[in-house]
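Each chain gets a letter, A, B and so on, in the order its sequence line appears, and its residues count up from 1.
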There are 2 protein chains.
Amino acid sequence: MDTGTERKIRPSSLDRAAWIKGALAALADEGHAGLRVETLAKRLHVTKGSFYWHFRDRRDLVDAVLDEWKRGRIADIHKQTAAAPGKELEALRHTIEVYSASRNRKGLPIELAVREWASRDARAAAVVEEVDAERVACAARLFESLGLEPAEAAARSVLLYAYVFGFSLMRCNRFMPDSRAAKAWITERIAN
Amino acid sequence: MDTGTERKIRPSSLDRAAWIKGALAALADEGHAGLRVETLAKRLHVTKGSFYWHFRDRRDLVDAVLDEWKRGRIADIHKQTAAAPGKELEALRHTIEVYSASRNRKGLPIELAVREWASRDARAAAVVEEVDAERVACAARLFESLGLEPAEAAARSVLLYAYVFGFSLMRCNRFMPDSRAAKAWITERIAN
DNA sequence: GATTTTCAATACCGTACCGTATGGACACCG
DNA sequence: CGGTGTCCATACGGTACGGTATTGAAAATC
């Protein structure tokens, strides 16, 4: 079994970040159950030797995935809510619409997978809590700048995010006569 | 290995329904990943011999669980929305509150687990769609009887269910100054 | 009482999965 | 060129898991 010549062909190395990226893709496609070392390796066209070079164990990867997700979400929140004065309502509407767009390719499946995982894993739950706190705070700030009181601003921002996550869990496409109009009505009911 | 005397003690038999019930409990505690034959058997204090007597294979159990969940949900929907004339608003508020109650012991975790599973399994997705259609139709009927137009009634019923599911995915308890008041505000915003 | 049915335990097989140990290959540096 | 570091492939071990085959025992039936 001497295949030295085959072994010489080494594609560009995978770094730790590439593994995390692959794991996030698997998370979108398969949920938490997709975070398996060997199937991830296969997905990335390497074997688990590479995995164990970069990560101590599976938990190490899982924690890295959560940290990366958090970083990305919080960066997005800040981007979405960085409205110029006078454009707050527009930013809020846009936030609703981004999530309501028919099955945001990767972001929403990952979001839902992380939240399902959070119901059973303390570490994931802590991360979700941080992200939610940041989200609700940023959205509430936008609502406040529209002249709403802090209590109502907070309620609205909770409703906003609860709606978009919940809606994505529902299967309404086939039986809703006019989902476009319904969504528009709901957006106004939340934001306005 | 002759332990005939131990074998003589036979507790009352498990029937198929007991297995399905145990599976639903596991679904609440562990999500779809909890539907494993051997761990279920352990949970029910038998071995998998019993399982294979009652079910052809795991898929047979899984389908039975989905059917049972659907039957139960639809029965509940009808119960919750069977409002006496003049009590429609109350029924709608109650529906929101039932789901918003702090972590409904089993119903909501199962609901969320089934929905997560539905994002990756066509059979589960079909069941969720049926349940959603029935839910939205029943709630819309209540809204209509309050004098709302069909389009607005439909939008409100979607918002109602999207909100309660989404809210249960969020982790707001620690950072929300007054979640009770926020929930009350949201309930009125949806129902009224 | 003998036979049949119902229900369940267990052995076995093959595959999946995580983690550890070992060896290989390439790049870089002194 | 030899040594070191980086990165990865593979073999191995142990456990989990679904499914099949076989056997045993209690309950039901004749």
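Atom-to-atom, CD of A/Glu38 to C1' of D/dC8 comes out at 15 Å; the value is rounded to the nearest Å. Atom C1' of nucleotide D/dT10 and atom NE2 of A/His45 are separated by 19 Å, given to the nearest angstrom. One can place CG of A/Asp60 at 10 Å from P of C/dG19, the figure rounded to the nearest angstrom. Between the CG atom of A/Leu40 and the P atom of C/dG19 there is a distance of 12 Å, rounded to whole Å. In this structure, A/Asp15 atom CG and C/dA27 atom P are separated by 17 Å, rounded to whole Å. One interatomic measurement links the two molecules: CG of A/Leu35 to P of C/dG19, which rounds to 12 Å at whole-angstrom precision.
Partner A/Glu130 forms a salt bridge (charged side-chain N to carboxylate O under 4.0 Å, His left out) with one of A/Lys70, A/Arg123, A/Arg71 and no other, that one being A/Lys70.
Residues A/Trp53 and A/Phe51 do not share a hydrophobic cluster, defined by chaining ILVMFWY side chains whose heavy atoms lie under 4.5 Å apart. A/Ile20 is connected to A/Leu35 through a chain of hydrophobic side-chain contacts under 4.5 Å among Ile, Leu, Val, Met, Phe, Trp and Tyr, so both are in one cluster.
Sorted by residue number, the members of residues 50-57 of chain A with any non-hydrogen atom under 4.0 Å from DNA chain D read A/Ser50, A/Trp53, A/His54. For DNA chain D, no neighbouring residue in residues 19-26 of chain A is found when judged by any heavy atom under 4.0 Å.
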Intermediate values then yes/no, salt bridge (Lys or Arg N to Asp or Glu O under 4.0 Å), A/Arg174 and B/Asp132 = CA-CA 10 Å; A/Arg174 269 221 246 139; B/Asp132 281 349; over 6 Å; no

ask   = After noting the C-alpha distance and the side-chain angles of B/Glu116 and A/Arg115, does the key distance pass the side-chain contact (heavy atoms from CB on, under 4.5 Å) rule?
value = CA-CA 10 Å; B/Glu116 203 277 330; A/Arg115 288 176 182 278; over 6 Å; no

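Heavy atoms of other residues, nucleotides or ligands lying less than 6.0 angstrom from CZ of B/Arg59 number more than 12. The number of heavy atoms from other shown groups lying within 6.0 Å of NE2 (A/His94) does not exceed 12. Within a 6.0 Å radius of CG in A/Asn173, other residues, nucleotides and ligands contribute 12 heavy atoms or fewer.
Across all their heavy atoms, B/Asp29 and B/Arg43 have their closest contact at OD2-NH2, 2.6 Å.
Residue-to-nucleotide proximity on DNA chain D shows that, of B/Gly49 and B/Val37, the 5′-proximal contact is made by B/Val37.
Residue B/Lys48 places its side chain closer to C/dT10 than to any other of D/dT10, C/dC18, C/dT10.
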